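Following: one structure in structure tokens, then a few remarks.
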Amino acid sequence: MKSTQVVVSKSDVINYSGDLLVCLITVNEKEVLDGINLLSPLLQKISKLEEFNGKKGELLQLYPSFGDDYVKLKSKRLLLIGLGKINDLDEPVKLRELLRSTGGLIAQQCKKNHVKNVCISLQPCAGFKREHVAEYLTEGVLLGDYKFSKYKKKEIVGKTYHGLKKLVFFTSSKTAVIKKGVERAVNCSLSVNAARDMANEPGNGWTPVHFARYAKKLARNHQLKCRVLDKKEMIELGMGGLVAVNQGSKEPPKLIILEYRPEAKSDTILLVGKGLTFDSGGISLKPASGMMDMKYDMCGGAAVLSAMETIAKEKPGVGVVAIIPSTDNLSGSNALKPGDVITHFGGITSEIENTDAEGRLILADSLAYGIEKYEPSCIVDLATLTGAVIVALGHHYTGILSNNDKLAKQLVDAGTVCSEPLWRLPLGEEYSKQIESRVADIKNTGGKTAGTITAAAYLQKFVGDVPWAHLDIAGTAWDFTEKTYIPKGPSGTGVRTLIEFIRGWKNNLV
Ligand code: BES
Ligand code: MN
Ligand code: ZN
């Protein structure tokens, strides 16, 4: 992955001599004049012409070296971006998203003009300190600048844009605190973009072995503990779900475990991510149209694994264990069949009604194993688990299902501030009844109705009383609500929510 250098410099914008200088303007005119003295005469002129009023989303690009009003600027271009009307009473969450999407807008403008080096003049914004303004803008720029071109080998000379090399903030105030904000944004954006990279890889470019290799490398670089279980160990441990799903494939399964431990004794948060590297449906084969998208069925695993990098860098006070069960779901001659009965880790038996309901099978083993081995205080799992969640919530909300109100609230709140909104769906005995089997303890489908809930009800059987939340990201992992900083294709959803949740972890669940 390309990495963009982000710099905070205590300097006046006049001294910036790169490709593009960006100034953010609100319609509260007074702020404009205070903020950018140098530009005031120019802005007043423009404002008289009604060319640019600082309204939200307004853009005006100027070429300083061509004029004389603001000839003192050395930057090749000057871009004014309107933020709209802002006041101190605005909700912080809204403001945060405004800055993030403005960052995305800047990245789009840079792409349009092939800008490699961009500078943003940093002003405080309503209730936000410069530190946070810089943080959310950086997040937007770095997420918006994302591109996956690994398999495009033919470049058109002069036409291929390779993205931003450098992002600079010029500020009149102390840089140390601002740098902290920028660092947080860089960490989490790198994690999100890493998750997008994994997801963008084709099914033959990202297999369970790739998950394992990536995790081992992360562990080496950041002093995490990594363990990878292979098929033999899974069989010995009795992980009948993961082994069963893998039966129809030549590609061996892997169960990847990454462990972060703080210095002092602490709670453990268990993260589990569905790492299904291609879901054909197995014997219950999916229709051909759209099957290609099932290479994204590993987005839960990608989110969990990528979030671990930020966790390793930021060293929170709570332990975090990540488990990624990984396999593809194919229909080879040994494949799992409808009607087969399997035994999960811990002994619960399950009748397979549909081999396409495979996600819950590999998650069930991981949840049961994770609880026995790591005794976590809480569990969060992420999975592209059901098409039904798209019917319910579209591509705008991730579904969350939980056996603990406080944990659900912590996650919903984390999602809200990241603009990765979560909507809670219920669990309950009525739904658990739908997965009762005549021949085994449970069955792996729950009929036509409430598909997202019956899938979660399956997982619930394996977590018992441990506080647990399940995030069904099938609607948001790709084709997520269009935004300036979310490209077409995989969104990396869940990564920022997990990081925010862990940064703010409070053990008040029971
Ligand atoms: N990976 C799919 C869920 C999915 C579908 C994600 C569409 C994103 C878009 C999952 O393994 C699956 O196939 N689920 C089935 C369950 C059904 C057979 C009970 C589904 O949703 O159709
Ligand atoms: Mn499936
Ligand atoms: Zn699947």
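Just so you know, ligand 1 is whichever comes first in the structure, and atom 1 is the first atom listed for that ligand. A quick note: this is a predicted structure, and the numbers were derived from the prediction, not measured.
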Item to check | Side-chain ion pair, K337 and E351, N-O less than 4.0 Å | outcome: no

Item to check | Worked check of salt bridge (Lys or Arg N to Asp or Glu O under 4.0 Å) between K150 and E201 | outcome: CA-CA 9 Å; K150 181 174 157 190; E201 283 286 353; 2.5 Å; yes

Checklist entry - So which N/O/S atom does D279 have closest to the Zn ion (ligand 3)? => result OD2

Checklist entry - Quick one: are D365 and P325 in side-chain contact, heavy atoms under 4.5 Å? => result no

Hey, what polar pairs (N/O, under 3.5 Å) does ligand 1 make with protein?
from, atom 1, to, atom 2, distance (Å)
ligand 1, 1 (N), K274, NZ, 3.4
ligand 1, 1 (N), D279, OD2, 3.3
ligand 1, 1 (N), D297, OD1, 2.9
ligand 1, 1 (N), D297, OD2, 3.0
ligand 1, 1 (N), T384, O, 3.3
ligand 1, 11 (O), K274, NZ, 3.3
ligand 1, 11 (O), D279, OD2, 2.9
ligand 1, 11 (O), D356, O, 3.2
ligand 1, 11 (O), E358, OE1, 2.8
ligand 1, 11 (O), E358, OE2, 2.9
ligand 1, 13 (O), K286, NZ, 2.8
ligand 1, 13 (O), D356, O, 3.0
ligand 1, 13 (O), D356, OD1, 2.8
ligand 1, 13 (O), D356, OD2, 3.1
ligand 1, 14 (N), L385, O, 3.4
ligand 1, 21 (O), G387, N, 2.7

Next on the checklist: I'd like to know whether H395 forms a ring pair (Phe, Tyr, Trp, His ring centres under 6.0 Å) with F480, so could you lay out the CA-CA distance, the side-chain angles of the two residues, the decisive distance to 0.1 Å, and finally the verdict.
Outcome noted: CA-CA 5 Å; H395 295 286; F480 193 23; 9.0 Å; no

Item to check | Candidate list L336, T355, L361, test side chain to side chain contact (heavy atoms under 4.5 Å, CB included), partner N444, passing option | outcome: L361

Checklist entry - Relative to each other, are the rings of F128 and H132 parallel, tilted or perpendicular (30° and 60° limits)? => result tilted

Next on the checklist: Only N/O/S atoms count here: what is the atom of D297 closest to the Zn ion (ligand 3) called?
Outcome noted: OD2

Next on the checklist: Between K274 and D297, does any side-chain N to carboxylate O distance fall below 4.0 Å?
Outcome noted: yes

Checklist entry - Which is it for F278 and W206 under the ring pair (Phe, Tyr, Trp, His ring centres under 6.0 Å) test, yes or no, and what are the steps along the way? => result CA-CA 9 Å; F278 185 77; W206 195 263; over 10 Å; no

Checklist entry - Is it true that some N/O/S atom of K274, main chain or side chain, lies under 2.8 Å from the Zn ion (ligand 3)? => result yes

Checklist outcome for this item: The N/O/S atom of E358 lying closest to the Zn ion (ligand 3) is OE2

Next on the checklist: Check the orientation of H344 and Y458. Use parallel for under 30°, tilted for 30 to 60°, and perpendicular for over 60°.
Outcome noted: perpendicular

Next on the checklist: Under a plain distance cut-off of 3.5 Å, with no hydrogens placed, do R196 and S491 share a side-chain donor-acceptor pair?
Outcome noted: no

Checklist entry - Of the non-hydrogen atoms in I106 and V118, which two are nearest, and what is the gap between them? => result CG2-CG2, 4.1 Å

Item to check | Under-2.8 Å protein N/O/S neighbours of the Mn ion (ligand 2), ordered by chain then residue number | outcome: D279 OD2, D356 O, D356 OD1, E358 OE1

